[in-house]
2 protein chains.
Amino acid sequence: MLFALSDPERLAIARQLVDGPLDMAECHLSNPDVPKSTKSHLMKVLRTAGVVRNEANGRARRLSLRREDLDARFPGLLDAVLSAEDGAPKS
Amino acid sequence: MLFALSDPERLAIARQLVDGPLDMAECHLSNPDVPKSTKSHLMKVLRTAGVVRNEANGRARRLSLRREDLDARFPGLLDAVLSAEDGAPKS
DNA sequence: CAAAAGGTTCGAAATAATTCGAACGATGGA
DNA sequence: TCCATCGTTCGAATTATTTCGAACCTTTTG
């Protein structure tokens, strides 16, 4: 899980899901030009790590954070990670 | 930081430092046979990520967790990470 | 002073992760 | 039905991490 969230792009995805499920197409990457296979791979890493759920929804995919599971396994971690500031330290 | 702690060996090192500074030689790896250069590299990753401090101490090296800095930058994260259970989920 | 202890740094080789295009599968609309 | 949409999976190429030995540096001990 730590590994999955250690990538900025993946962390950004997790942040977008904190307010509720999103269809994959609504989930934006910082660079809108990355091919869908790459995006799909990012999701797979998050899914494999147990961070995210990915259920079929018509021809779309509904993504959602696995909050309960994660909070049970790593209490406080998700909140801490999601609320951490972006960017590098100011020092 | 998340990346640095996403490796089991490095996480284990961080855990050993939570109770106070340790000299490098007292900091044990799960496999005692890894060469010192590898161990040194693990430390470097932790140091570079700002997780750990590494000051010269005679001919030894004193390692310490940078708690204050980390708590300031990622409130709650370190505690959550360090208190998380080991191993894979039981499901 | 010489040698041992405790670590770092530097390459090079081995592993692992990321990226992309192409081929594929399922669903929904014309 | 046919085709466009939304995604996944596969394989190959690129890139990043890890790992190790050798060379090196500093401090302590004999």
Side-chain angles (χ1 to χ4, degrees), chain A residues 1-17 19-66 77 81 86-88, chain B residues 1-17 19-66 81 86-89:
Chain A
M1 174 192 178
L2 286 178
F3 177 75
L5 293 175
S6 71
D7 174 67
E9 208 68 70
R10 288 191 298 252
L11 180 55
I13 291 172
R15 285 211 168 105
Q16 294 179 51
L17 293 175
D19 294 323
L22 242 46
D23 277 352
M24 185 132 175
E26 305 169 322
C27 218
H28 303 303
L29 262 40
S30 68
N31 173 1
D33 297 333
V34 331
K36 54 187 182 172
S37 59
T38 299
K39 189 174 179 182
S40 190
H41 177 68
L42 289 172
M43 294 304 178
K44 186 181 197 165
V45 175
L46 286 168
R47 206 185 322 136
T48 301
V51 176
V52 143
R53 201 173 356 228
N54 182 343
E55 331 171 66
N57 176 33
R59 64 182 151 182
R61 290 296 179 130
R62 162 132 331 195
L63 304 170
S64 52
L65 257 195
R66 302 185 58 173
L77 214 173
V81 169
D86 294 326
Chain B
M1 172 191 177
L2 286 177
F3 176 75
L5 293 175
S6 70
D7 174 68
E9 207 69 69
R10 289 191 298 251
L11 180 54
I13 292 172
R15 285 212 169 103
Q16 294 178 52
L17 293 176
D19 294 322
L22 242 47
D23 277 353
M24 185 129 174
E26 306 170 321
C27 216
H28 302 303
L29 263 39
S30 68
N31 172 4
D33 298 333
V34 333
K36 53 186 182 172
S37 58
T38 299
K39 189 174 178 182
S40 191
H41 176 69
L42 289 172
M43 295 302 178
K44 186 180 198 164
V45 174
L46 286 169
R47 205 185 323 135
T48 301
V51 176
V52 144
R53 200 175 354 233
N54 182 342
E55 331 170 68
N57 177 34
R59 65 181 153 184
R61 291 296 180 128
R62 164 130 326 187
L63 303 169
S64 51
L65 256 195
R66 302 185 57 175
V81 169
D86 294 327

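The sequence lines fix the lettering, A, B, ..., with proteins before strands; numbering per chain opens at 1. Keep in mind the model is a prediction, meaning the values are calculated, not measured. Computation of the quantities below employed the complete heavy-atom set of this structure, encompassing side-chain atoms and omitting hydrogens, waters and symmetry-equivalent molecules.
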Report the nucleotide, chosen from C:dA17, C:dC20, C:dT9, that has the shortest atom-to-atom distance to any side-chain atom of B:Ser40.
-> C:dT9
If only side-chain N and O atoms of B:Thr38 are considered, is one of them under 4.0 Å from the OP1 or OP2 phosphate oxygen of D:dC20?
-> yes
Yes or no on side chain to side chain contact (heavy atoms under 4.5 Å, CB included) for B:Lys39 and B:Met24, after CA distance, side-chain angles and deciding distance?
-> CA-CA 9 Å; B:Lys39 189 174 178 182; B:Met24 185 129 174; 3.7 Å; yes
Do other residues, nucleotides or ligands put more than 12 heavy atoms under 6.0 Å from the NZ atom of B:Lys44?
-> no
For residues 49-64 of chain B, which residues have at least one heavy atom under 4.0 Å from DNA chain C?
-> B:Asn54, B:Arg59, B:Ala60, B:Arg61
Note: for B:Lys39 and A:Asp33 on DNA chain C, the residue whose nearest nucleotide lies more 5' is B:Lys39
Taking D:dG7, D:dG21, C:dC20 as options, the one with an atom nearest any side-chain atom of B:Ser37 is D:dG21
Test B:Leu65 against B:Val51 for side chain to side chain contact (heavy atoms under 4.5 Å, CB included), laying out the working first.
-> CA-CA 6 Å; B:Leu65 256 195; B:Val51 176; 3.9 Å; yes
May I have the distance from A:Met24 (atom CE) to C:dG25 (atom P), rounded to whole angstrom?
-> 19 Å
Within this structure, what is the NE2-to-C1' distance between B:His41 and D:dA16, rounded to whole angstrom?
-> 11 Å
In whole angstrom, what separates A:Lys44's NZ from C:dT19's C1'?
-> 14 Å
List the steps, then state whether side chain to side chain contact (heavy atoms under 4.5 Å, CB included) holds for A:Leu5 with A:Leu46.
-> CA-CA 8 Å; A:Leu5 293 175; A:Leu46 286 168; 4.2 Å; yes
In whole Å, what is the span from the CG atom of B:Asp23 to the P atom of C:dG7?
-> 7 Å
Could you state the interatomic distance from CG (A:Leu63) to CE (A:Met43), rounded to the nearest 0.5 Å?
-> 4.5 Å
Taken to the nearest whole Å, CZ/A:Arg10 to P/C:dT18 is 5 Å
Rounding to a whole Å, what distance do you find between B:Met43:CE and D:dT18:P?
-> 14 Å
Rounded to the nearest 0.5 angstrom, the CG-CG distance for B:Leu29 and B:Asn31 is 7.5 Å
Do any N or O atoms from the side chain of A:Asp23 and from the backbone of A:Ala25 form a donor-acceptor pair under 3.5 angstrom?
-> no
Rounded to whole angstroms, how far apart are CG on A:Leu46 and C1' on D:dT8?
-> 16 Å
Spacing of B:Arg47 atom CZ relative to C:dG7 atom P, expressed in whole Å | 12 Å
